[in-house]
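Here's the structure, in structure tokens; my notes come after.
Within every chain, numbering begins at 1; the chains are lettered A, B, ... in the order of the sequence lines, protein sequences first and strands thereafter.
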Amino acid sequence: MTTFADLGIDQDIVDALASKGIVDAFPIQEQTIPLGLPGQDIIGQAKTGTGKTFGFGIPVVQRLGLNPEHGVKALIVVPTRELAVQVYEDIDLLTSNRSTSVVAIYGGKAYEGQIDQLKAGAQIVVGTPGRLIDLAGQRLLDLSNATEVVLDEADKMLDLGFLADIEKIFQKVPAVRHTQLFSATMPGPIVALARRFMSNPIHIRASDPDEGLTQANIKHLVYRAHSLDKDEIIARILQAEGRGKTVIFTRTKRAAQRLVDELGDRGFNVGGVHGDMGQDQRERSMAAFKAGKRDVLVATDVAARGIDVDDVTHVINHTIPDEDKTYLHRAGRTGRAGKTGIAVTFVDWEDLHKWALINRALEFGQPEPVETYSSSPHLFEDLDIPAGTKGRLVSAPKTQSVKTERAPRPERAADAAAEGTDEGGTRRRRRRRGGSNPVGSTFAEGATDSASGDSQSAPSGDRSAEGAGTHDGAGKEHHDGKPAPARRRRRRRGGSGGAGAAPVVGA
DNA sequence: AAAAAAG
């Protein structure tokens, strides 16, 4: 396997990566880095969780040189604030052995710190469009020397919601520059549009086009569900054997908050991320999830793209997304860096056409979602939900049993104490009954850590551990603090049942 | 139509 050292990368960067155990290069990195280093414009496309960030980040850092002059030389634009934080951390790692400094510029935060870092001469800016334009308009951010430009999640950045901002930003950077666009999804029309901002770009696809876009190591399970049942079913899934971290996606901010409260009431170690939360809360919640202090994250599509968390074993689509691209990005929060994952999707009756669309676009070839549990014990087989509770609509797991199973209690108690709030269910319960949801105030995250603490989970890391395509399935311990399941039953029984009953697609 | 992104 190709290592980073083989790719013409400066030794200090190779060392920085090695310090996190990152040695082997993924295919997208192998293909784009040698082109990016000499300044070739690139449209880089590779599946979720296969290392795109370093694919563009390493050339950016290296091309600035060991001791770049003060002032912004590189701009990386991303669609969400949390992704800005994450990419900032990745780039910061790459620069750890050189004088280059990086700053994250995004909304919801005080201006002061960001402006200070710009004034101190930061050379690489990672940011979201709104705040970037804001600061540029105030002459606090000078992009006129930013000869390195990257759009991460490029198809999203060129979407209608962002395109006007992106055009503004491109007007502020030099006409002669090195431009890189990366995403797992790059529809033809977007590629055509993208060329307007690039010169003679080469389109790199890191995988066989015939292979489709979905990750082979993600198993897709699709069920028709009645909305009233979903809380129960999700509660059951959260008790599946071998479950590590789990991300649950909802369609709306309100639905996300409701589910955070509901699952919290049921005793799960859950946090949320959505746009109605305060930015500090969002970041604490993400950090707690990344660090393993929480093992369930309920999110809107703000977390659908790019977010890289180790050991996410399950993604649950509480509501099926409208677009195939969104489905693919959501599911891609699991099965990263060669690991396996499960994506469970609930399809409401009126949303069956959406599943048909996604099914077709992603070439799943799945006939029809199976009805959940009234008729389908398959749900429980496929998800390894412990025997004895199978097929029965059980009430919520009691707080006690879940707590002993999951995160060590002392830690939680300590967190709550440190925060000086009553983290317990009382506030949530009251609020839920009351119907109104003053969101943002319901979480009590670990008080100690901030977003950029040591919660950094070796971005795209782990790759050294396993060869491409190997499945770590039953052999691996996914949990922090959770006792290894004594009984590990067959993962998969007799394939997938009978005609049409198989909710399985993919690997 | 929702979510995201400036405040």
Under 3.5 Å, sequence neighbours excluded: what are the donor-acceptor pairs made by side chains of residues 112-120 of chain A?
| unit_1 | atom_1 | unit_2 | atom_2 | d |
| --- | --- | --- | --- | --- |
| A/Gln114 | OE1 | A/Arg131 | NH1 | 3.1 |
| A/Gln114 | NE2 | A/Tyr106 | O | 3.0 |

Contacts of type side-chain contact (heavy atoms from CB on, under 4.5 Å), residue A/Glu350, not counting sequence neighbours: A/Asp348

Of all residues at least two apart in sequence or in a different chain, which pass the salt bridge (Lys or Arg N to Asp or Glu O under 4.0 Å) check with A/Lys354? A/Asp322, A/Asp351

Residues forming a side chain to side chain donor-acceptor pair (under 3.5 Å) with A/Lys325, sequence neighbours excluded: A/Asp155

What side-chain donor-acceptor pairs closer than 3.5 Å can you find for residues 156-176 of chain A, not counting sequence neighbours?
| unit_1 | atom_1 | unit_2 | atom_2 | d |
| --- | --- | --- | --- | --- |
| A/Glu167 | OE2 | A/Arg196 | NH2 | 2.6 |

Could you run down nucleotides 1-7 of chain B 5' to 3' and tag each one B, S or - for protein heavy-atom contact under 4.0 Å? BSBSBBS

